[in-house]
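Following: one structure in structure tokens, then a few remarks.
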Amino acid sequence: MSNNRIQSAMEKNEKTASFRDDDSEKEPEINYRGVKAMPFIIGNETFEKLGAIGTLSNLLIYLTSVFNLKHISAVTLINVFNGTTNFATLIGAFLSDTYFGRYKTLGFSSITSFLGLFVIALTAVFKKLHPPHCDSKDISQCIGPTGWQMAFLLSGFGLLIIGAAGIRPCNLAFGADQFNPNTESGKRGINSFFNWYFFTLTFAQMVSVTLVVYVQTDISWSLGLGIPAIFMLISCFLFFGGTKIYVKVKPEGSPLTSVAQVLVASIKKRRLKLPEEPMKSLFNYTPHKSINSKLPYTHQFRFLDKAAIVTPEDQINSNGSAANPWNLCSVQQVQEAKCVVRVIPIWAAAIVFHIAISQQQQFVVYQALQSNRHLGTSNFQIPAATYTIFSMLSLTLWIPIYDRIVVPLLRRITRKEGGITILQRMGFGIFLTVASSFVSAFIEKRRRKLVFTNPALGLHSERGLVSSMSALWLVPQLSLAGLAEAFCAIGQVEFYYKQFPENMRSIAGSFLFLGMAASSYLNSFLISIVHRTTEKAKTGNWLPEDLNKGRLDYFYFLVTALGIFNVVYFIICARWYKYKGSDDTSSVTLEMERKNVEKHFV
């Protein structure tokens, strides 16, 4: 009797497999356009970034000078906006991967972002939408915004948050979707796309913090905020212009549910003993028409394997799937969950990387304000906020050199697709943040020494005395920070895209922004701790408004020490990490599947 049941099950599996083969033959072949789709996608991303960054880069000044908000209120509003925007990417990614797909999500989010920028631009155009102009230096003497004026402004912020929630996690994955991942040219195209994406992003930042900011502050806020809205409108037209040639990956339902099922099932079966030969004993089933690649068994996180242990209470459907996936999961599901869990330690190292990068963007402006910003003997002074361009410039110049010269050269030596592994690229970027912080400490020490021994005569700053040291001495630390981003930030995006299961690539895209959000909160916590612990110390507060009275160099040394610990931690994680698809045992064979069927039906 049992032999008949086994034979019947085998026949059902053969019929199911035959049906799947016939069904797959009817599926239309995907026409990957690759580079041909890039003018629409790269153009869309460039103008989208010009629009978003053009508005947000000078938002603090707009809120204090036009809306008459107190500095602390404006900073709080911007911090809440930035934090909410970065965390909202996880929601947008979930909706994209589960329900709408990346094309629809990007289309809706692009229109929403345009409406948000348009609403904010209207607050500058019409006088009734912002408070009356105030010339008083004491902001408390100015008339603040009314309730409905703030509501109108916040509605623009809300639309921008919704737009960013869909655009940020999806645009990279959508661009990579246009290349065939199964061909050598497609794989190289994906690698190059990540590089050129950051190239256009940095280019947009450079234009925004120079030309657009100049128009906003020196010509007109109405025109300066209208230009980004126009950029975003052009971005929408470019995106929808390529609709006919895009590859549109359909969503497969909630990918997070599958991960949750593995966790729940493994907890329920935590007291069960793992079999000696898990590959031959665990439940093996691959869903029909799944876009996810077949993953081999790995020995990491073996406690999750218990989710695939078959018990007498578990029931199997006629098509081979588990009747209750919250009690029994397939080996494939378990391996996909392992992919997600394995990424988290690497992601944690990236948080400290973002903290180090944010220090360069945050304190370098204050260092420049108290340094000699004149170009040679001329009277022209480089604006303090403009010095951050040097990090953007080093990133922009390095990307084409790396993509077109360094990678092909390394590829010939190492025989690896990207020249070096993704983790090697990220690790080198993390190391560069240590070098950048270390150099920053010595530059600040020099600046502070000269301000007391040789102050700049005739130069004044509201923050305190100005050092005779040229602010161009800040360029090396900024250049190193830009190179660090070129290696680690781009490496992160590529790493998340390739290491997450294929049906979670939008969620993978949100991980970069989740790391940035976490780093912003941890960075604020670090600075507050330094303030509280040093203000009563003999050295005094390390981070006062007047840098000459503080010890910013000590703070940079602290960040350097954290960076060194982070490098060691990352190396340990990188040596432990197993790339998706790499196995430490042989693949599941048809004989194993036959034995599984016998165990399930005998």
Side-chain angles (χ1 to χ4, degrees), residues 176 181-182 187 190-191 194 255-256 258-259 261-263 265-266 274-284 286 290-309 329-351 353 410 414-431 487-488 490-505 507-509 511-512 515 566-589 592:
N182 300 316
K187 292 176 181 177
I190 292 173
N191 293 339
F194 290 133
L256 293 179
S258 177
V259 176
Q261 287 170 346
V262 172
L263 295 176
S266 62
L274 283 170
E276 294 182 359
E277 296 183 349
M279 292 180 59
K280 296 181 180 180
S281 305
L282 299 178
F283 177 58
N284 184 53
T286 303
S290 174
I291 64 172
N292 289 351
S293 56
K294 178 77 174 180
L295 297 177
Y297 176 82
T298 59
H299 286 292
Q300 289 181 327
F301 302 110
R302 294 194 67 196
F303 64 90
L304 294 177
D305 293 343
K306 294 184 178 182
I309 296 177
C329 301
S330 67
V331 174
Q332 175 73 8
Q333 276 182 279
V334 173
Q335 299 310 312
E336 290 172 2
K338 287 181 180 182
C339 287
V340 178
V341 176
R342 268 196 298 264
V343 165
I344 294 176
I346 303 294
W347 173 78
I351 294 176
F353 161 81
L410 290 174
T414 63
R415 304 296 180 185
K416 293 178 180 177
E417 178 188 318
I420 56 177
T421 66
I422 306 175
L423 289 178
Q424 286 173 341
R425 181 175 185 173
M426 290 175 61
F428 189 66
I430 292 174
F431 170 76
F487 279 95
C488 190
I490 300 175
Q492 280 184 72
V493 172
E494 184 179 354
F495 175 76
Y496 299 141
Y497 178 84
K498 291 183 176 180
Q499 297 306 302
F500 269 76
E502 286 81 351
N503 65 341
M504 294 180 67
R505 280 177 170 166
I507 293 176
F511 257 55
L512 174 68
N566 194 42
V567 168
V568 174
Y569 166 77
F570 181 83
I571 291 174
I572 294 172
C573 291
R575 289 176 64 87
W576 161 85
Y577 187 83
K578 288 187 178 297
Y579 287 97
K580 187 181 79 172
S582 63
D583 59 342
D584 42 19
T585 53
S586 60
S587 299
V588 178
T589 61
M592 186 205 76

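Counting heavy atoms from C-beta on, the side chains of Leu304 and Leu263 come closer than 4.5 Å. Here the side chains of Phe428 and Ile420 are not in contact, with every heavy-atom distance at 4.5 Å or above. Between Lys498 and Lys580 the shortest side-chain heavy-atom distance does not fall below 4.5 Å. Within the 4.5 Å cutoff, the side chain of Asp305 has no heavy atoms near those of the Ile309 side chain. Residues Glu336 and Val259 form no side-chain contact, since every pair of their non-hydrogen atoms from C-beta on lies 4.5 Å or further apart.
Residue Pro275 comes nearest to Leu282 through the heavy atom pair CG-CD2, 4.1 Å, listed as atom of the first residue, atom of the second, then distance. In plain terms, the two heavy atoms of Lys578 and Arg342 that are nearest each other are O-NE, 3.3 Å. Closest non-hydrogen pair, Ala308 versus Ser330, comes out as CB-C, 4.3 Å. Between Leu274 and Arg302, the shortest heavy-atom contact is CD1-O, 3.4 Å. Pairing each heavy atom of Gln332 with each of Ser293, the nearest pair is NE2-O, 2.9 Å. Contact between Phe303 and Ser266 at its shortest, heavy atoms only, is O-CB, 3.6 Å.
Atom CG of Asn566 and atom CD1 of Ile351 lie 9.5 Å apart (nearest 0.5 Å). To the nearest 0.5 Å, the span separating CE on Met426 from CZ on Phe353 amounts to 8.5 Å. Considering CD1 of Ile346 and CD of Gln492, their distance stands at 10.0 Å, rounded to 0.5 Å. Going from atom CG of Leu423 over to atom OH of Tyr579 covers 3.5 Å, rounded to the nearest 0.5 Å. Interatomic distance, Phe431 CZ to Phe570 CZ, rounded to the nearest 0.5 Å: 13.5 Å. Cys329 contributes atom SG, which lies 12.0 Å from atom CD of Gln335 (distance to the nearest 0.5 angstrom).
For Lys338 (side chain) and Thr298 (main-chain N/O), a donor-acceptor pair under 3.5 Å exists by modelled atom type. Proximity of a side-chain donor or acceptor of Gln499 to a complementary backbone N or O of Cys339 within less than 3.5 Å is not detected.
Around OH of Tyr497, the count of heavy atoms belonging to other residues, nucleotides or ligands within 6.0 Å exceeds 12.
Checked against the 6.0 Å centroid threshold, His299 and Tyr297 count as a close aromatic pair.
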| said: Show, in sequence, the C-alpha distance, side-chain angles and deciding distance for Phe301 and Trp576, and conclude whether the ring-ring contact (aromatic ring centres under 6.0 Å, His included) test is met. | reply: CA-CA 12 Å; Phe301 302 110; Trp576 161 85; 5.7 Å; yes
| task | Evaluate side chain to side chain contact (heavy atoms under 4.5 Å, CB included) for Met504 paired with Leu256, printing each intermediate quantity in order. | result | CA-CA 8 Å; Met504 294 180 67; Leu256 293 179; 3.7 Å; yes
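Among the candidates Phe500, Phe487, Phe511, Tyr577, the single residue satisfying the ring pair (Phe, Tyr, Trp, His ring centres under 6.0 Å) test with Phe495 is Tyr577.
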